[in-house]
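The block underneath contains the structure these notes are about, expressed in C-alpha cells.
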Amino acid sequence: MVVKVKLFATFRQGRFREKDMELPDGCTVEWVLEHLKIPRRQLGIIYLNGLAASEESVLHQGDTLSIFPMVGGG
Amino acid sequence: MIKWPELKDILALAKERGLTPLEIEKEHLAQGEVPLHYQRNYSTISPAEQLKLLDSRVGVCGCGGLGMNVINYLARLGVGHITVWDPDIFSENNLNRQLFSTFDSLGKSKVEVCRTFVQKINPAVSFTAIPAKWEESDADLIYQQQVMVDALDNIPSRLALAQVCEKANIPLVHAAVGGWYGQLTVIMPGDRILQEIYRSSDQQGIEKEQGTLSFTAAILAGMEAVETVKLLLGIESDVRHNLCLVDLLNMSLDMLPKCNTNVN
C-alpha cells in the first residue's frame, strides 16, 4: 500500500519533507517511525488524515501521515 | 479632529493631580483623545479599543526569549496591567536572544530589568514583577488576569500552567520554540491540546539540540502578542481551533486542526 508521509521541522533533516511511501499492508505508525529512525524522545504530535493519532494507529492505502517533533523552548 | 496629548504633559498632569499616568491616559481616551505615543496604533485600534487595552490585565509566565518580546509588544501597544513571573537572573548565554539582556545586566533579576525597560517604553503601564516561579507564587494573581501567556522554557511547567488556567477559566496563549521552528496556539478552557502535544514528561524538545535563535523567539512572541490582543478585544481567531506550526527554514506555516485522538 502507498501512504503519503509528511515530516516537519528537524525530522526533515536528512530525510524528506513529503514522500509517497510503499509500506507493508496493515502496518502501524510505529513501523514508519522505526523505518525512518525517528528519535522517540523528540516525537511530538502525530496526525493521520488530519486527525491526531498514536504510534499504534494502523495505516491504510491512501492515508496521509504527518509526524512532528516536540518543541518546548522559550 | 482628534487631539494627541503628549507623554510629557500626561506625566506632568499625573504628578500635579496625584494620579497615575494610566489614569490620565484613560481620561483622555474616554474623551476621544488618543495619547500621541499610541498614534500609530490608530485606526487599526480605535480609541475605545485602546481604552479597553489600557484596562486589560495580562500575565506572562517566563521572562526569556519569548517573554521579553511579548512584554515589549504588549507594553508598546498599551496593555495597561502586565504581570510577569520568572525567578532567573541574566546569564551570558541569554544575550543571543533575550531582548532586554545586555552585558551590564548580567547577574541581575530578569523581571526587574524588564520593569526598568517597560517604564522607559511606556510609563503608563502598571507592571508587576515577580522574581519567583509562578508555581511558588500567590495563585490569586493568576486568577486576576484576563489572559495568560505561556512563555516558559520547560514542558512540566507548561502543562501545570495549562491546568491552572483551565481551573481559573482563563485563556492561555501558548508558544514554544527550538532552532528554526516554533509552534503557537490559543488554549481556551476545556481544550486539551497541550496534553496531546506533550504526552510524556521524559520527552525532550528539539531546543535541547537546536538551541533557541533570536528571530524565532521574536517571531513566535509577536504571534503570541497578536493572539493576546485578539482575545482582549474580542476578535475571533482560527488559532483557537488549530495548532500553528512555523518552519522559518522553509518559510512554511501549517495549521493543524485540534481534535480528539483518533481511534485506530
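Letters A, B, ... mirror the listed sequences (proteins, then strands); counts begin at 1.
Options B:G178, B:G64, B:G205 differ in how many heavy-atom pairs under 4.5 Å they form with chain A, and the most are formed by B:G205. Put simply, of B:K208, B:E207, B:Q210, the one with the most heavy-atom pairs under 4.5 Å next to chain A is B:E207. When each of B:T212, B:N154, B:L249, B:L245 is checked for heavy-atom pairs under 4.5 Å with chain A, B:L245 comes out on top.
Checking each of B:L231, B:V173, B:I187 against B:R240 for a side chain to side chain contact (heavy atoms under 4.5 Å, CB included) leaves exactly one that passes, namely B:L231.
If you measure heavy-atom distances from B:D150 to chain A, you find no contacts under 4.5 Å at all. Of the two parts of B:T216, neither the backbone nor the side chain holds a non-hydrogen atom closer than 4.5 Å to a non-hydrogen atom of chain A. In this structure, chain B has a heavy atom under 4.5 Å from the side chain of A:I46, while its backbone stays farther away. Using a 4.5 Å cut-off between heavy atoms, B:I193 touches chain A through its side chain atoms alone.
A donor-acceptor pair shorter than 3.5 Å can be found between the side chains of B:E236 and B:H241. Residues B:S91 and B:N93 bring a donor and an acceptor atom of their side chains to less than 3.5 Å of each other. Using modelled atom types and a 3.5 Å distance limit, the side chains of A:E30 and A:T28 yield no donor-acceptor pair.
Using the six-membered ring where Trp is involved, A:F8 and A:F68 have ring planes that are parallel, under 30° apart on the 30 and 60° scheme.
Between B:Q119 and B:V125 the shortest side-chain heavy-atom distance does not fall below 4.5 Å.
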